[in-house]
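Taking it in order: structure first as structure tokens, then the write-up.
Ligands are counted one by one from 1 in listed order, and the atoms in each one are counted from 1 as well. Fair warning: this is a prediction, and the values are worked out from it, not measured in the lab.
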Amino acid sequence: MTTSTRPKILISRAVFPQVVERLSQYFDVESNPGDELWSRAEVARRLQGKQGAFTTGSERIDAELLAACPDLKICANMAVGYNNFDLPAMTAAGVLATNAPGVLTETTADMGFALLMAAARRVSEGERFLRAGKWDRWAYDMLIGQDVHGSTLGILGMGRIGQAIARRGALGFGMKVIYHNRSRLPASDEAAVNARYVGKEELLQTADHVVLVLPYSAESHHSIGAFELALMKPTATLTNIARGGIVDDAALAQALRAGRIAAAGLDVFEGEPTVHPDLLACTNVVLTPHIGSATVPTRLAMASLAADNLIGYLVHGKPVTPLNPEVMGKA
Ligand code: DGY
């Protein structure tokens with residue numbers, strides 16, 4: 001392809017240089033190596049005359065932006081979640097949306113388990129206590145927590161990552177697995193992790209450790225609020241590795257402060273990167289900055305899949321993981 005006929009793409013955030021290099025073999029690339037935080041207007045300005053956008057999940061792609069960027073044909077998210085996409089608006093505008101499923105499943109499940117265990121066993125509290133020089137003797141109840149092995153694991157949202165959490169719980173820690181999901185798993189998948197399908201209220205009342213792995217949507221907004229937290233056991237933990245907004249963070253902070261649940265592990269927040277000040281003030285919550293998929297091989301695989309989608313669609317007409325394949329052929 002000569003330079004003049006090559007499609008043009010925008011990579012809106014800093015990504016692995018080798019991925020930028022690979023994309024540059026196919027496209028005229030405008031990238032953001034300094035990882036500047038561009039405003040929406042700046043993103044729209046830079047998308048002028050561009051057919052592709054490499055997005056990371058933080059750029060809102062909606063009707064307003066699409067109307068301002070008439071040359072755009074594809075937005076490839078380097079994330080499995082795509083709540084930054086207004087999918088109906090993209091479909092109406094004939095713009096293909098792709099995400100990065102599959103490649104981050106196990107890594108994100110690892111992080112879910114890390115948070116669950118850190119919350120149950122008070123790992124962060126223990127470290128802060130030690131670093132503050134407060135450890136001067138043994139005490140029977142010093143940083144006493146909850147068991148993980150043999151307990152009941154409740155998973156809300158049983159897609160790929162939910163099932164990977166279930167495997168860890170059932171096969172690694174001998175946990176009883178209960179789950180709630182929009183649709184029930186095939187019997188063979190349930191049997192593989194000895195999982196039992198239950199209603200949401202039963203799950204919240206029964207589980208010792210609740211893990212949230214459901215996608216964010218208007219329907220799942222504040223799926224866990226004061227009412228749901230009141231159903232949980234006072235000894236239970238809550239882990240959220242899905243999306244901010246699924247939990248009402250103010251209600252969670254209140255429940256943690258009042259001891260209505262024992263502890264929480266959170267990787268995602270409403271309005272992140274800002275974190276609710278009441279959560280920051282709670283000692284019984286482990287907080288991490290949305291790093292569920294953040295390992296070198298997984299982030300590289302996610303970026304490579306986003307690149308595969310751009311190359312697949314703009315060069316060969318065949319994206320790898322399209323979300324709205326109905327736009328293909330209409331462009
Ligand atoms: C995803 O892929 O949706 C993750 O949250 C991004 O790290």
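Proximity to Gly81 (heavy-atom distance under 4.0 Å) selects the following atoms of ligand 1: 1 (C), 2 (O), 3 (O).
Lys50 has a carboxylate O that lies under 4.0 Å from a charged side-chain N of Glu30, or vice versa, which qualifies the two as a salt bridge. No salt bridge links Arg243 with Glu272; every basic N to acidic carboxylate O contact stays at or beyond 4.0 Å. Ion pairing between Arg196 and Glu202 holds under the 4.0 Å rule for side-chain N and carboxylate O. Arg160 has no carboxylate O lying under 4.0 Å from a charged side-chain N of Glu106, or vice versa, which leaves the two without a salt bridge. Ion pairing between a basic and an acidic side chain is recognised when a charged N comes within 4.0 Å of a carboxylate O; Glu125 and Arg128 show no such pairing. By the 4.0 Å N-to-carboxylate-O rule, Arg13 lies too far from Glu59 to be salt-bridged with it.
Residue contacts with ligand 1: Leu104 is placed with no nitrogen or oxygen under 3.5 Å of a nitrogen or oxygen of the ligand (distance criterion only). Of the polar atoms of Met302, none of the N or O atoms is found under 3.5 Å from an N or O of ligand 1, judged by distance alone.
Nearest protein heavy-atom neighbour of atom 7 (O) of ligand 1: Ser293 OG, 2.9 Å. Nearest non-hydrogen protein atom to atom 2 (O) of ligand 1 is Val80 N, 2.6 Å. Here the heavy atom of the protein found nearest to atom 4 (C) of ligand 1 is His290 NE2, 3.8 Å.
Contact annotation: the side chain of Asn77 approaches that of Phe85 to within less than 4.5 Å [non-hydrogen atoms, C-beta and beyond].
Residue contacts with ligand 1 for Ala79 involve both N, CA, C or O and side-chain atoms from C-beta outward (heavy atoms, distance under 4.0 Å). The residue Met78 has no part lying near ligand 1, judged by heavy-atom distances below 4.0 Å.
Ligand 1 lies less than 4.0 angstrom from a heavy atom belonging to Arg299. No heavy atom of Gly57 sits closer than 4.0 Å to any atom of ligand 1.
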